Amino acid sequence: MTDPRLDNPPIVLRRRRLDEAMFVVGGSVAVIAAIGFATQTSFRFVGLPLGGIGMAVLLLGVLQIVRPTTMVLEPAGLHYSILGIDRFWPWEDISGFRVVRIRSGRAIVFDVAQPRSRTFAIPGFFVIRPIPLAGLLQHAQCRWAIGGRTTTDPVPLIGVGT
């Protein structure tokens with residue numbers, strides 16, 4: 001049985017808008033704090049580094065709002081875009097979707113067969129949680145890949161306590 005969400009491709013997933021906005025807010029707070037240090041004698045040691053880091057975080061937040069992180073599932077394959085860097089994999093070239101715990105949360109990991117065999121990870125910060133998203137990716141691959149597997153096995157969860 002396939003997922004009914006796959007009946008109307010393409011499926012476009014985004015990062016949560018609140019996550020993107022938090023970079024802008026955090027960077028702005030750091031820049032404002034650095035301006036507050038401008039009148040202090042410690043401006044050189046505290047204000048400049050704080051302002052520089054704040055400006056970098058602010059610019060990263062604006063870049064994420066202008067060019068958001070997206071994942072597109074369509075019959076041709078899986079598209080992934082982060083910070084303006086686009087990746088595409090045909091369904092026939094990817095397999096083994098699984099969720100792993102990493103330091104900052106969970107990631108969806110899969111194996112890529114072309115052009116050389118390797119493993120790729122996508123952070124699990126989309127509007128769909130990592131475990132259901134990995135299941136959706138498995139269903140999409142089964143449905144759209146030429147000669148795709150018809151497995152109903154659950155998504156393996158690696159490195160997460162039960």
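Please read all numbers here as calculations on a predicted model, not as lab measurements. Values reported hereafter were calculated over all heavy atoms of this structure, with side chains retained and with hydrogens, waters and symmetry mates removed.
No more than 12 heavy atoms of other residues, nucleotides or ligands sit less than 6.0 Å from atom CZ of R129. Residue-environment remark: CZ (R14) exceeds the threshold of 12 foreign heavy atoms within 6.0 Å.
Within the model, atoms CD1 of I122 and CZ of R87 stand 9.5 Å from one another, a figure rounded to the nearest 0.5 Å. The line from CD1 of I108 to CD1 of I131 is 9.5 Å long, rounded to the nearest 0.5 Å. Rounded to the nearest 0.5 angstrom, I32 CD1 and L58 CG are separated by 9.5 Å. Expressed to the nearest 0.5 Å, how far CD of Q141 lies from CG of D93 amounts to 10.0 Å. Distance check, rounded to the nearest 0.5 Å: CG of D111 to CH2 of W89 gives 12.0 Å.
No option in F120, W144, W91 other than W91 meets the side chain to side chain contact (heavy atoms under 4.5 Å, CB included) test with L78.
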V24 vs Q64, side chain to side chain contact (heavy atoms under 4.5 Å, CB included): CA-CA, chis, key distance, verdict = CA-CA 9 Å; V24 173; Q64 285 185 350; over 6 Å; no
CA sep, side-chain torsions, deciding dist, call: I128, L136, side chain to side chain contact (heavy atoms under 4.5 Å, CB included) = CA-CA 10 Å; I128 299 177; L136 180 64; 4.1 Å; yes
ask   = Going through the distances and angles, do I65 and R17 end up as a side chain to side chain contact (heavy atoms under 4.5 Å, CB included)?
value = CA-CA 8 Å; I65 289 172; R17 290 190 188 269; over 6 Å; no
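Using a 4.5 Å cut-off between side-chain heavy atoms of Ile, Leu, Val, Met, Phe, Trp and Tyr, with links allowed through other members, V72 and I82 fall into different hydrophobic clusters. In the hydrophobic cluster analysis, where Ile, Leu, Val, Met, Phe, Trp and Tyr join through side-chain heavy atoms closer than 4.5 angstrom, L18 is grouped apart from F126. Linking ILVMFWY side-chain heavy atoms closer than 4.5 Å, directly or via other members, places L83 and M22 in two distinct hydrophobic clusters. Cluster membership check: L63 shares its hydrophobic cluster with V57, using side-chain heavy-atom separations under 4.5 Å among Ile, Leu, Val, Met, Phe, Trp and Tyr. Residue L60 is not grouped with residue I85 when hydrophobic side chains (ILVMFWY) are merged at heavy-atom distances under 4.5 angstrom, including chains of intermediate members.
Under a cutoff of 6.0 Å and an axis angle of 45°, R15 and F125 form a cation-pi pair.
Within the 4.5 Å cutoff, the side chain of Y80 has heavy atoms near those of the T69 side chain. Inter-residue side-chain proximity for V109 and T119 is flagged as met; some heavy-atom pair is nearer than 4.5 Å. Looking only at side-chain heavy atoms (C-beta outward), L137 and F110 stay at 4.5 Å or farther from each other. Put simply, the side chain of H79 reaches to within 4.5 Å of the side chain of E74, judged on heavy atoms. The side-chain heavy atoms of L133 and M71, taken from C-beta on, include a pair separated by under 4.5 Å.
Minimum interatomic distance between P130 and V99 (heavy atoms only, all atoms of both residues): O-CG2, 3.6 Å. In terms of heavy atoms, L73 sits closest to A140 at CD2-CB, 3.9 Å. Closest approach of P75 to P9, counting heavy atoms only: CD-CB, 3.6 Å. Of all the heavy atoms in R67 and G84, the pair that sits closest is NE-CA, 3.3 Å.
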